[in-house]
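The structure appears right after this line, and notes come after that.
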Amino acid sequence: MLLPYVFILSFLLCYLNTHNVCCVTIRGDIRTTAYVKTNPSRKSVATSFETSGYTPSDPGVCFRMYTEDQARKLGVVGWVRNTRRGTVDGQVQGKAELVESMKHWLSKVGSPSSRIHQAHFSNEKEITKLEFGNFNTRY
């Protein structure tokens, strides 16, 4: 009779947990372990970015094209463009963990021919609704 309550309690504790995998063990007469995969981040965020180095307007680097491709692979939305300062800037919006993946790509990976010297992220905020329908290049 106690077993259904143990499973319900285990599930609720896992749901409230912020980790990717939750394990709850209840000891006593009944020993139960519940593993539940949870989604740690359901919120959406937006951030602006600017990258500098051997990236933006140098011929053959294709940083904007690769940025747009990576954003679409990850499922984030926003835009990217070259600046007059010789950098690339833009905005990324989406689920927090996907935006973090995109930030990593923008600061550490980039296009195959790029050498990123610096990536600056600003205006990061939680949003309730995405402002863009896809990710594109602005001119």
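This is a predicted model, so every value here is computed, not measured. Sequence positions, counted from 1, serve as the residue numbers for this chain.
Proximity of a side-chain donor or acceptor of Q93 to a complementary backbone N or O of E131 within less than 3.5 Å is detected. Under a 3.5 Å cut-off, the side chain of R115 and the backbone N or O of G53 do not form any donor-acceptor pair. With S107 contributing its side chain and K103 its backbone, the two residues share a donor-acceptor pair below 3.5 Å. Using a distance-only test at 3.5 Å, with no hydrogens or angles considered, no donor-acceptor pair links the side chain of T87 to the main chain of T83.
Under the 4.5 Å side-chain heavy-atom criterion for Ile, Leu, Val, Met, Phe, Trp and Tyr, Y66 and L74 are members of the same hydrophobic cluster. Note: the hydrophobic cluster containing M102 does not contain W79 (ILVMFWY, side chain heavy atoms under 4.5 Å, direct or indirect links). In this structure, M65 is not a member of the same hydrophobic cluster as V77, with clusters built from ILVMFWY side-chain heavy atoms closer than 4.5 Å. Taking hydrophobic clusters as Ile, Leu, Val, Met, Phe, Trp and Tyr residues chained together by side-chain heavy-atom distances below 4.5 Å, V109 shares a cluster with F135.
Closest of all the heavy-atom pairs between F63 and G110 is CE1-CA, 3.7 Å. Scanning both residues, A119 and T51, for their nearest heavy atoms gives CB-CG2, 4.0 Å. Nearest approach of L98 to G75, heavy atoms of both residues: CD1-O, 4.5 Å.
Between F121 and V92, every side-chain heavy-atom pair lies at or beyond the 4.5 Å cut-off. Inter-residue side-chain proximity for Q118 and E50 is flagged as unmet; no heavy-atom pair is nearer than 4.5 Å. Contact of the V80 side chain with the F49 side chain is registered, since non-hydrogen atoms from C-beta on lie closer than 4.5 Å.
To the nearest 0.5 Å, the span separating CD on Q70 from CH2 on W105 amounts to 6.0 Å. Summarising the geometry, atom CG belonging to D89 is positioned 9.5 Å from atom OG belonging to S122; distances are rounded to the nearest 0.5 Å. Atom OG of S48 sits about 4.5 Å away from atom CD of Q91, to the nearest 0.5 Å.
Of the listed residues (L106, N123, V99), just one forms a side-chain contact (heavy atoms from CB on, under 4.5 Å) with T47, and that residue is V99.
The pair E68-R64 fails the salt-bridge criterion, with no side-chain N (NZ, NE, NH1 or NH2) lying under 4.0 Å from an Asp/Glu carboxylate O.
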*asked:* Would K95 and K43 count as a side chain to side chain contact (heavy atoms under 4.5 Å, CB included) here? Give the steps.
replied: CA-CA 6 Å; K95 300 295 179 195; K43 65 180 179 176; over 6 Å; no

